[in-house]
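Computed from a predicted structure; not experimentally measured. Just follow the structure's listing: the first ligand is 1, and inside any ligand the first atom is 1. Keep in mind that the numbers below use all heavy atoms, side chains included, and drop hydrogens, waters and symmetry copies.
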Amino acid sequence: MTCRLLITGGAGFIGSHTCLVLLAQGHELVIVDNFSNSSPLALQRVQSLAQRNTIQVVEGDVRDADLLDQTFRSCGELDGVIHFAGLKAVGESVANPLLYWDVNVNGSRVLAEVMQRHGCSTLVFSSTATVYGAPITFPLREDSLTDPIHPYAQTKRAVEQMLDALSRNAGWRIASLRYFNPVGAHPSGQIGEDPLGVPNNLFPFITQVAAGRRERLHIFGNDYATPDGTGIRDYLHVMDLAEAHSATLAHLLERPAPVQLTLNIGTGCGRSVLEVIHGFEQATGLSIPYEIVARRPGDVAKLEACPAKAEQLLGWSAQRSLEEMCTDGWAWQQANPMGYRNAP
Ligand code: NAD
Ligand code: UDP
């Protein structure tokens, strides 16, 4: 079955990879993105990779109800929405919590209201593993305690709660996907992660060190209660995450409303910072100079998914190795040393 889907934030890192998967499956896509953290070039490349030049792009803000109303009116009946649009920098959320509550929470509320007005009630929402806070017991299952410790995670948890309430009393089909740490890029090297300025995240920092754009990686602490003292995260290939979205949509669309789902999306295999560095070095043959520095405020020792529920309900599990995450991320970095900026 092919569908007509609205993708908010579809030009971003995860959105662009998901659009590619959906386009290749034959779906019709309408993207709403204000390009505050992305480039329209990503969508051009998605279309050329899929060899389908059919994406309808609407430049605008998800908080703009008139723009969303107009989009729903003009693009025919929509079967579902994937809502990626949002802000994701933890430090920025601490400095400017109101902005995060506005874009992430108010943006999601406006979108849900407009969907309701237009009779569209199937929604996949981008949540995050950081809603678990600083867990000390594992495995982390979806019913494990949530205890978000910064405004970014708090806004994501608030949207989950808003959507849970909505799905209970209004015939909706809603899935909140708690992503762990998506990394890597499409193996073509044509689309990938394009952080502005100094990368906050480990993976793009490593690829920029490998490319010589930065001298060395700072490892934020080696005194955590983990086997080598560095922080552990559950890194997954962004193409696996993209496929999780198409599996989730198919699951929702096959079932009668109401459906409420919360799913961890990770590999179940946590890796330390040092393991990632060594994995990258092995995969690429390059060396990554590093230095141990102080812990980064707000970081936790370990986040690792129990991905069993997604496997059981969706038949989805992460397929790609750490080696593929590294080689594909490196191919993107090499082909696009400055990301989408200054690209031909
Ligand atoms: P991204 O910044 O690359 O993509 C977000 C997209 O949304 C961008 O294209 C941006 O221009 C757009 N956008 C932002 N604010 C908007 C607004 N008000 N109106 C319209 N468009 C807007 O981020 P990403 O890594 O692709 O993340 C996508 C979603 O997944 C986000 O909601 C993020 O919080 C969530 N998430 C990301 C990660 C991660 O590690 N990347 C982990 C967990 C959850
Ligand atoms: N990290 C690091 N140096 C960096 C960026 C990240 O040592 O320049 C560590 C960080 O402390 C954490 C892990 O790498 O243990 C993953 O961090 P990232 O920001 O990529 O993801 P998140 O903290 O959001 O899970």
Side-chain angles (χ1 to χ4, degrees), residues 7-19 31-40 42-43 58-64 67-68 82-91 93 99-100 102-104 106-108 110-111 124-131 150 152-153 155-156 159 176-183 192-196 198-206 208-209 214 216-222 224 226 229-236 238 241-242 245 265-266 270-277 290-303 339:
I7 317 286
T8 75
F13 172 44
I14 305 168
S16 56
H17 290 79
T18 304
C19 286
I31 313 283
V32 172
D33 200 304
N34 66 0
F35 300 112
S36 57
N37 197 36
S38 57
S39 161
L43 295 174
V58 178
E59 181 167 357
D61 197 298
V62 282
R63 292 165 294 178
D64 182 344
L67 174 116
L68 293 184
I82 306 182
H83 180 34
F84 293 108
L87 301 177
K88 62 171 183 177
V90 171
S93 81
L99 177 68
Y100 274 65
D102 188 28
V103 174
N104 290 356
N106 187 36
S108 302
V110 169
L111 173 66
V124 180
F125 169 63
S126 297
S127 189
T128 163
T130 58
V131 297
H150 44 65
Y152 167 62
T155 62
K156 291 290 184 178
V159 176
S176 291
L177 302 184
R178 292 179 176 164
Y179 313 155
F180 280 68
N181 288 60
V183 299
E193 188 170 12
D194 184 19
L196 267 180
V198 182
N200 285 314
N201 297 112
L202 178 65
F203 239 82
F205 207 106
I206 288 179
Q208 290 192 8
V209 171
R214 315 213 172 259
R216 63 171 67 85
L217 173 75
H218 289 157
I219 296 183
F220 298 137
N222 66 349
Y224 284 104
T226 61
T230 65
I232 290 179
R233 296 291 182 276
D234 186 337
Y235 299 94
L236 83 157
V238 65
L241 178 56
H245 287 83
I265 305 292
R271 283 157 171 126
S272 73
V273 177
L274 285 170
E275 284 173 331
V276 171
I277 295 172
Y290 65 81
E291 180 185 342
I292 309 288
V293 300
R295 289 183 180 195
R296 180 170 67 175
D299 268 354
V300 302
K302 173 172 166 176
L303 284 172

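The aromatic rings of Tyr152 and His150 sit parallel, their planes meeting at an angle under 30°, below the 60° perpendicular limit.
Close contacts between ligand 2 and Ile219 involve ligand atoms 7 (O) [criterion: under 4.0 Å to a heavy atom]. If you number the atoms of ligand 2 from 1 as listed, the ones under 4.0 Å from a heavy atom of Asn181 come out as 21 (O), 22 (P), 25 (O).
At a 3.5 angstrom cut-off on N or O pairs, Phe205 does not count as close to ligand 2. Every N/O-N/O distance between Val300 and ligand 2 stays at or above 3.5 Å.
The option from Gly231, Pro199, Gly221 that lies nearest to atom 15 (O) of ligand 2, judged by heavy atoms, is Gly231. Nearest to atom 14 (O) of ligand 2 by heavy-atom distance, out of Asn222, Asn200, Val273, is Val273. Heavy-atom proximity to atom 1 (N) of ligand 2, evaluated over Tyr290, Phe220, Phe180, is greatest for Phe220.
The nearest protein atom to atom 19 (O) of ligand 2, hydrogens excluded, is given as Arg296 NH2, 2.7 Å; this is a heavy-atom distance. Looking only at protein heavy atoms, the nearest one to atom 3 (N) of ligand 2 is His218 O, 2.7 Å. In terms of protein heavy-atom proximity, atom 20 (O) of ligand 2 is nearest to Leu202 N, 2.9 Å. Taking atom 12 (C) of ligand 2 as the reference point, the nearest protein heavy-atom neighbour is Arg233 NH2, 3.8 Å. Protein heavy atom at the shortest distance from atom 24 (O) of ligand 2 is Asn201 ND2, 4.1 Å. Nearest protein neighbour of atom 10 (C) of ligand 2, counting heavy atoms only, is Asp299 OD2, 3.4 Å. Atom 16 (C) of ligand 2 has as its closest protein heavy atom Tyr235 OH, 3.3 Å.
At distances below 3.5 Å, not a single donor-acceptor pair connects side-chain atoms of Asn34 with backbone N or O atoms of Val62. A donor-acceptor pair under 3.5 Å links the side-chain atoms of Tyr100 to the main chain of Ala89, judged by distance alone. Side-chain atoms of Thr8 never come within 3.5 Å of backbone atoms of Val32 as a donor-acceptor pair (strictly under, hydrogens ignored). Listed for the Asp234 side chain is no donor-acceptor partner under 3.5 Å among the backbone atoms of Phe180.
Contact annotation for Leu217 and ligand 2: only side-chain heavy atoms (C-beta onward) come within less than 4.0 Å of the ligand. Of all the heavy atoms of Val62, the ones lying under 4.0 Å from any atom of ligand 1 are found in both the backbone and the side chain. If you look at Glu193 next to ligand 1, there are no close heavy atoms at all, none under 4.0 Å. Of all the heavy atoms of Phe35, the ones lying under 4.0 Å from any atom of ligand 1 belong exclusively to the backbone. Of all the heavy atoms of Ser127, the ones lying under 4.0 Å from any atom of ligand 1 belong exclusively to the backbone.
Residue contact check for ligand 1: Val103 places a non-hydrogen atom closer than 4.0 Å to it.
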Subject >> Verdict with reasoning, Ser108 to His83, per side chain to side chain donor-acceptor pair (under 3.5 Å) >> reply: CA-CA 8 Å; Ser108 302; His83 180 34; 3.0 Å; yes
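Remark: of the listed residues Ile277, Val273, Asn201, Val183, Ile277 is the sole one forming a side chain to side chain contact (heavy atoms under 4.5 Å, CB included) with Ile206.
A centroid separation of less than 6.0 Å is found between the aromatic rings of Tyr179 and His245.
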